Amino acid sequence: MKNYLKKIIFILAFILPLFNLAGFAQQTEVKQTVITGVITDATDKDPIPYVTVLFKGTGIITKSDADGKFVISTRETHTELQFSYVGYKSSFVSVKPGESQVINVKMQSESQSLSEVVISSNKRPAYRNKNNPAVELIRKVIENKSKNQGKAYEHISYQQYEQMSFSLSNLSEKFKGKKLFRNYQFLFEEQDSTKIGGKLTLPIFMEEKLSQNYLQRNPDKKKVVVLGDKHVNYDSKFIDTKGMSKYFERMYADINIYDNNISLVSNQFLSPIADASPTFYKFFITDTIKTHSPQLIELSFIPRNNTDLLFEGKIYITMDGNYAVQDAFLTVNKNINLNFVRALEAKLDFDKNPDGRYHLAKTNLIIDFGISQNKGGGFTGQRTVILKDYQVNVPQPDTVYQGPAHVIAPNAEKRPDQFWNNQRMADPSLTANINIYKNIDTLQTIPSFKRTMDLVTLLFAGYKNFGPFEMGPVNTFYSFNNVEGFRLRLGGRTTTALSNRYFFETYGAYGFKDEKWKYFLSGTYSLNNKSIYAFPQNYIRGSFQRDTKIPGQELQFVQEDNFLLSFKRGENNMLLYNDIYKVDYVHEFENHFSYAISARKWTQRPGGSLIFNNFDANNLHSVDHINTSEITVNLRYAPFEKFYQGKLYRTPIIDKYPIFNLRYTAGLKGVLGGEYNYHNLMGSIDKRFYLSQLGYTDVTVEGGYLFGKVPFPLLTIHRANQTYAYQLNSYNLMNFLEFVSDKYASVNLDHNFNGFFFNKIPLIKRLKLREVASIKVLYGSLRDENNPNKNPDLFQFPKNSDGVTTTQSLDRTPYVEGSVGVGNIFKILRVDMVKRFNYLNNPEVSEWGIRARVKFDF
């Protein structure tokens, strides 16, 4: 049962956004040679770090850690281990193939090669930065970073070829022989068993790109022309291929070792040559390469804490006065606080420029993912980037930089095979998985594969495909609440199999307590002859909806009638019955600027305990409904945004770039029965700030102002949450319809420490937990003209069964709530203790609460 739970967690965390075609299977035991041990100095018995350990005559190699410990394994038959380290005699030890064994090695010092070293004690001194030549060297590297980066040149141009491949990995013959894969044997590939990913793999994705790049300083300009783009194409009804590509690009981002922070697998790692690296890393001079011109110093490094988001490995520094990085090998410790990553290796190669400095010429990044740290099936991705025709300080004509900064050549996706064969000639390993293109095309013609993908799509995306129509989403078929009672819903939408231009969506729902039907119908016309869910969108839509809404409940990436949201705290028996006629026009651009214009005729009727009451000649009068006609303009700009397009929502791949939103709404009295004139302006900025080893902070700043006199249903009803799920953009201890404003400003801060403190606590650090904290502050107010306590002809604020007013405006004191929590529980769960700091005398409020949120993250 435990193994099955682990598998489910991994599938949800990694496969869910990709809808991959297979699950996992535990690998059967294969006889292999596994050797562990400790390497010590034969004289003083102290451990020796960074000793090179390899099976003699092979490339199967590892190094001992800071405590002299090592682990090395192979499935091949080798009988001798070799141990090498500068200043020590090489040692050779016999091993027994096919067995697990412990071998502790004592290495003899070569005194003649250490004549310049003064030994002052029998004890190896504690590691210190002070008077440490390795630290002095890394500080020289840091000091010279600015002149060794590309930004030191006024002009740069180069061609960039990149290949990204992804495979099910570390598979067993038993897995290959499963009935599920009986018709898919042609998909499997075999490789060298010593490579990351194991001997048997199943390639599932591949893409290649070739681009011409130009950069200019003063003023800064950049131009990227994509000359070729080739990738596996899955049926869009199952998988968003372009979204998958963006997802992989975010995990396998470009590595610039000169940056203070390096982004990988949605996290930021501190570079070994970051300004603050001597605080977090230990450095050791482990070799001198005199055969290279200029001479190189091999500088090895490890984290001071092996659970922090840091690398370990080695870099080679030029001894020509430039202190440039000539080569680098980066990996991570197996104890790092990183989910599902079994192995990570990055190899960076640099070439010399005419002026003697270096530029990055090739990057090879491999990451192996899996549930178990050492065994069982997993996923392996590899990204190789090669730069060629690198030129510096060669000015380009101004015409090169004209137009968009990123351009795709018209024939980029139609390049012949010979074009790509020429690009792969730079590295023979780049041809390893090229059969995947035709394999996946063949795969999608097999009926059993289509049936499998239909089932996967139903389980994970919630839709059952019937060709031109798909039914769903499944998680909305049943829900309940205090007003509607037991609620059933059934719906679906058309697909591109029906038309690339026309799309229709509908659902019907029925509440068994209120005995009312709800329904929705929309028709959409695509103006760019693409799916309306594909980026960039450009469509016009007309719709009608008759349904309920809880005032103040605003959700992201989930529908309101999701079954799990049926469970709520406190009283939640107020809702609105809405009739909405709406026309939308949406236009997105390649630079991720978009605008949307909508016209809406909106009728609101109170439901449950909610009543629209106002005073007419000093008598309380009930109003059955209100009518509103609106025009809304939304502007959005999200530079460099990446996202995965699911069946219902776009899931953003959050990065350091801000997202700007501006919305203007005008109420039109006398138009189509509209009863109110008003203007509502709202703006927001979302931004993630990376704080290196201290994690990251997500910040949202928002504000709004409403001009005009309106009843409370048309005011800003602040986002509240009465479910037990922690919602990032809502106030988790605020009740529905508790606060309204006609002008407001808010700031939300959510910080994830990435385990910075837990990683320092013995035993607890093994759990790989992560600390989180948040603070949410809301300022708001209500002008007298919109306050029913001072303007009796307005709708009066709702009251509960005891006659106590449950809705109010904020006074001079802001609403404040905060939380502290623990994330990464079982690798998927975040639990927060939330505290509400004020307005505690309001009815039915809680000062404390525990909220949980499922979060899939690496």
Side-chain angles (χ1 to χ4, degrees), residues 18 156-167 186-187 189 203-215 222-236 238-254 360-365 381-391 396 399-445 496 500 528-531 534-536 590-591 640 642 645:
L18 308 180
I156 297 175
S157 64
Y158 58 88
Q159 272 198 357
Q160 176 171 309
Y161 168 82
E162 55 184 288
Q163 183 188 99
M164 176 75 210
S165 60
F166 218 74
S167 304
F186 62 92
L187 295 173
E189 299 280 350
I204 58 173
F205 179 81
M206 186 169 175
E207 71 171 1
E208 297 172 277
K209 289 183 181 179
L210 180 71
S211 62
Q212 180 66 47
N213 296 259
Y214 303 95
L215 293 93
K222 183 176 182 179
K223 184 79 167 188
V224 178
V225 181
V226 178
L227 303 175
D229 187 355
K230 183 181 178 68
H231 51 78
V232 167
N233 277 309
Y234 284 97
D235 191 326
S236 60
F238 298 133
I239 296 175
D240 172 23
T241 305
K242 289 187 176 180
M244 182 189 297
S245 176
K246 295 295 184 183
Y247 184 75
F248 289 148
E249 284 178 16
R250 179 69 176 93
M251 290 196 300
Y252 289 75
D254 291 333
L360 182 64
K362 180 180 178 181
T363 302
N364 189 49
L365 172 62
Q382 179 170 353
R383 182 174 184 245
T384 301
V385 179
I386 298 175
L387 276 59
K388 59 183 181 179
D389 299 333
Y390 198 93
Q391 296 183 340
Q396 302 294 329
T399 54
V400 168
Y401 297 98
Q402 291 179 354
H406 190 276
V407 176
I408 300 176
N411 60 341
E413 295 187 7
K414 300 177 182 178
R415 296 290 188 179
D417 290 342
Q418 187 58 45
F419 174 88
W420 294 108
N421 289 336
N422 293 337
Q423 306 307 320
R424 301 176 192 129
M425 290 175 63
D427 186 342
S429 67
L430 296 173
T431 62
N433 294 326
I434 61 173
N435 288 334
I436 186 175
Y437 293 119
K438 65 178 182 181
N439 287 348
I440 295 301
D441 288 342
T442 302
L443 178 69
Q444 294 185 95
T445 65
T496 52
N500 282 328
N528 57 3
N529 200 29
K530 296 171 61 176
S531 167
F535 177 84
E590 292 283 354
N591 64 354
F640 308 107
K642 296 178 181 179
Q645 178 67 58

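These numbers come from a predicted model, not from an experiment.
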Heavy-atom side-chain proximity of N233 to Y437 below 4.5 angstrom | no
Would you call R383-D254 a salt bridge at under 4.0 Å N-O?
-> yes
Sequence neighbours excluded, which residues qualify as side chain to side chain contact (heavy atoms under 4.5 Å, CB included) partners of N528?
-> S526, K530, N538
Across all chains, not counting sequence neighbours, the side chain to side chain donor-acceptor pair (under 3.5 Å) partners of K209 are E249
Return the minimal non-hydrogen interatomic distance between S167 and P203, and the atom names on each side.
-> OG-CA, 3.3 Å
Heavy-atom closest contact (M206 atom, L430 atom, distance) = CE-O, 4.2 Å
So which of Q423, R415, H231, R424 actually passes side chain to side chain donor-acceptor pair (under 3.5 Å) with E208?
-> R424
Any donor-acceptor pair under 3.5 Å from E207 side chain to Q163 backbone = no
For a quick test of your reading: what N or O donor-acceptor pairs under 3.5 Å do the side chains of residues 405-414 make, sequence neighbours left out?
none

Closest heavy-atom pair and its distance - N500, N529 = CB-OD1, 3.5 Å
Distance only, no hydrogens: is a donor on one side chain within 3.5 Å (strictly under) of an acceptor on the other, for E162 and Y252?
-> no
Do Y161 and Q159 meet the criterion of a side-chain donor-acceptor pair at a distance under 3.5 Å?
-> no
L215 to Y158 - nearest heavy-atom pair and separation = CD1-CE2, 3.7 Å
Minimum-distance pair of heavy atoms, taken over all atoms of Y214 and S157 = CD2-CB, 3.8 Å
